[in-house]
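Accompanying notes for the structure given below.
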Amino acid sequence: MDSRIRTRLSRRTLVGAAGAASALALTGLPQTSLARAQATPYDGEEVTITYGFWDSAQQAAVEAQIAAFKAHMPNITVEPQITPWEDYWTKLQTSVAGGEAFDVFWINSASLPVYAASGSLLPIDEIVGDGGADASMFPAPLVEMYSYEGVQYGLPRDFDTIALFYNKDLFDAVGVEYPTDAWTWDDFRAAAEELTDAENGIWGAGLQTSWQENYYNFIWQNEGRLLNDDRTECVVNEAEACEAFEFLTGFFTDELTPSIAIQQSNPVADTLFPAGQVAMLTGGSFRAGAYSQADANIDVAPLPQGRTRATAIHGLANVIWTGGQNPGAAQELVKFLAGEEGERILGESGATIPAYNGLQDQWLAAAPDMNLQVFIDAVDYSQQVPDPEVGFEWQIEIQGVVIQGWSGDIPADQICVQAAEAANAVL
Amino acid sequence: MSVVELTSTTRHRRRSFRPNRQARNEAKWGYLLIAPMMIGFAIFFLIALGASLLLSLTTWDMLSSPVWVGFDNYLNVVRDAEFRNALGNTVAIAVPNVVLRLVFSLALALALNSNIRFRAFYRVLFFMPVLTMPVAIGTIWKWLYDPAFGPINGALGRLGLPRPEWLSDPKTAVIAVVVVLLWSSVGYDMIIFLAGLQAIPRDYYDAAALDGAGSWQRFRDITVPLLTPTTFFLSVIGVIFSLQVFDLVYVMTRIDQSNQLPTVVYYIYEEGFRNFRMGYAITVAWFLLAIILVFTLIQFRLQRRWVNYT
């Protein structure tokens, strides 16, 4: 190639082309606005839509729901697309940006504000009401989770609360009484000490790094708060929350729970507890299905109480992407999933508690050996994680400090102070 | 290309009365033939590069339109303590990695260049990790490093030595990650060094031996200087790859949503894909590019003093 041509190309033409092209690329980005998106109703055409979710434990239930939906709407084919939790949000974010997202997908309450504010979600008020989905059939706090600035974007499909799973065999071996609903923090701590058997590799308690299944519950039980009432500032440095962190840190310093280092490669809820190496675990109702199948002899009791009772409640929702080709068909699917039949299938699978009022018994029946009623009763004293508009980065910041503290790198009484600082830096 | 040149020269002789038109024709063919490559280059490289430069001047959550913020992102990176921490971790991994990688791979290459038995078998053996997926490597090594149940601490315990919590303590995690990086990359450097060794004519060694040079002298005065171009190449790409470490720390040192040993690329991933700050993440990426460029330029500048091209 002539060197004169190459010089000219690289110096002028290419730079100019790159500039023009990137300007094009910028203006070509999805220009979504908050203006209310509308969907044309489904007209009976033959279409295929995708349904994105993350939990492989619920795959069978989701496929059963899709089959039942197909019986009603034979011309709509729903393609289930499972993406593991670790990659789900990255995939969702990039696929929405790239204009290739799922037509209908699971969302959690922490992610709702980001997607709703950017206009990526279709409001569902068109399908709620006459002949459509009935919002009054769901617990009001869960419905409220999926409204943003007064607009409803989804209805809850399920809910989960937290309770105390325990391994009966390990309790029997040491002769400790099973946990009761009268248990206090002190009872929990005393039992953990008795059950811990370092020589045989048994830990009395399993305290996960999960905020939802672990420390938020204890903060609330001690009448502490996560955020101030305006949701603008993290206040876990208040005395109540600090006490809760110190109480939990004691389990790590006294080796009553697997250390952070051990949990790093052995997630306590997935491996050590069902393998019978941990006697008690604070865990979510979504784990009950797997534990009822585990070899270990597992039952469940309410969380021990502090100054008060408290448990974290959360529920997922099905939402519709505004960029889909067939929003009408997507609406039909969401309507079905939020109906009695769709929710009943979910309950019968035993994978998760259906949010639809009156269907919780279906879930209880799926694991009759366990006292799953405690999860339903816990709704009465449940609390929601407050969701400011900035997503859940602040919660990850808190977790980073908590993990350092439980690893022994931060003094117990400084965890709450540094956690609040870290969270406030991003709030 | 050569076919075009041939035909155009024959035409040139026949139609020498119209040289301008002929030259234009030749240029047209030239452009046409490089077009597929240039179009690909433009689409997949230049446009992306230009777009990323523009996006670094915005805040962008990937969901709504980017908002222009000028050079705010660049100023924020300079002040960002988390970025400095990530950069510190990256350098702490990169420096021992680059140095030890060269030492070990040269030692291996020398050993496997001699006439030992099963030479080909050993070469394949040491090269295998290079062909293995980094995520698989990270997962396996994470088990090996397990503080309670892993074989490494099991062996240390039986010898009565302390059993570190390898991956959750940033200090030991650096060592753990460097070991895995070395394990997975010396095979590549070894092959390049082997090629370099085999390019050194045997006569040099024979002549030196005749003159009474011992094996250490031959290594120091023949092997080392004649391998300097290879060493230079490997140290340049070693620095570039080490500064971009991501997959191993993603797999090995993460606990739940937190990472005790974030590197720069991990920080870019976190900011862009978890915290919805793509504009900022891109800015950090440009900083990383600048850092790599500076290191590489320094290396090219220094090579004049020690690299020996014969």
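Values below: all heavy atoms of this structure, side chains included; hydrogens, waters and symmetry mates excluded. In what follows, every chain begins at residue 1, and chains take the letters A, B, ... in the order their sequences are listed.
The CG atom of B:Asp256 sits 6.5 Å away from the OG atom of A:Ser210 when rounded to the nearest 0.5 Å. Atom CD1 of A:Ile403 and atom CG of B:Asn259 lie 9.5 Å apart (nearest 0.5 Å). A distance of 6.0 Å separates CD of A:Glu393 from CD of B:Glu271, quoted to the nearest 0.5 Å.
Only the side chain of A:Leu272 comes within less than 4.5 Å of a heavy atom in chain B; its backbone stays farther off. Only the side chain of B:Phe149 comes within contact range of chain A, judged by heavy atoms closer than 4.5 Å. Using a 4.5 Å cut-off between heavy atoms, A:Trp85 contacts chain B through its side chain alone, with no backbone atom that close. Heavy atoms closer than 4.5 Å to chain B are found in both the backbone and the side chain of A:Thr94. Neither the backbone nor the side chain of A:Gln395 comes within less than 4.5 Å of any heavy atom of chain B. For chain A, no part of B:Tyr145 is nearby; none of its heavy atoms comes within less than 4.5 Å. Only the side chain of A:Trp211 comes within contact range of chain B, with at least one heavy atom under 4.5 Å from a heavy atom of that chain.
Of all heavy-atom pairs between A:Ile396 and B:Arg274, the closest is CD1-NE, 3.3 Å. Pairing each heavy atom of B:Gln260 with each of A:Gln404, the nearest pair is OE1-CG, 3.5 Å. Considering all non-hydrogen atoms of both residues, B:Phe273 and A:Gln93 come closest at O-OE1, 3.0 Å. Closest of all the heavy-atom pairs between B:Ser258 and A:Gln399 is OG-OE1, 3.5 Å. A pairwise comparison of heavy atoms in A:Ser265 and B:Pro147 identifies OG-CD, 4.1 Å as the closest pair.
B:Gln257 contributes no side-chain N or O that, together with a main-chain N or O of A:Gly400, makes up a donor-acceptor pair within less than 3.5 Å.
Environment of CH2 in B:Trp183: crowded, with over 12 heavy atoms of neighbouring residues, nucleotides or ligands closer than 6.0 Å.
Among B:Leu53, B:Asp146, B:Thr139, B:Asp61, the residue making the largest number of heavy-atom pairs under 4.5 Å with chain A is B:Asp146.
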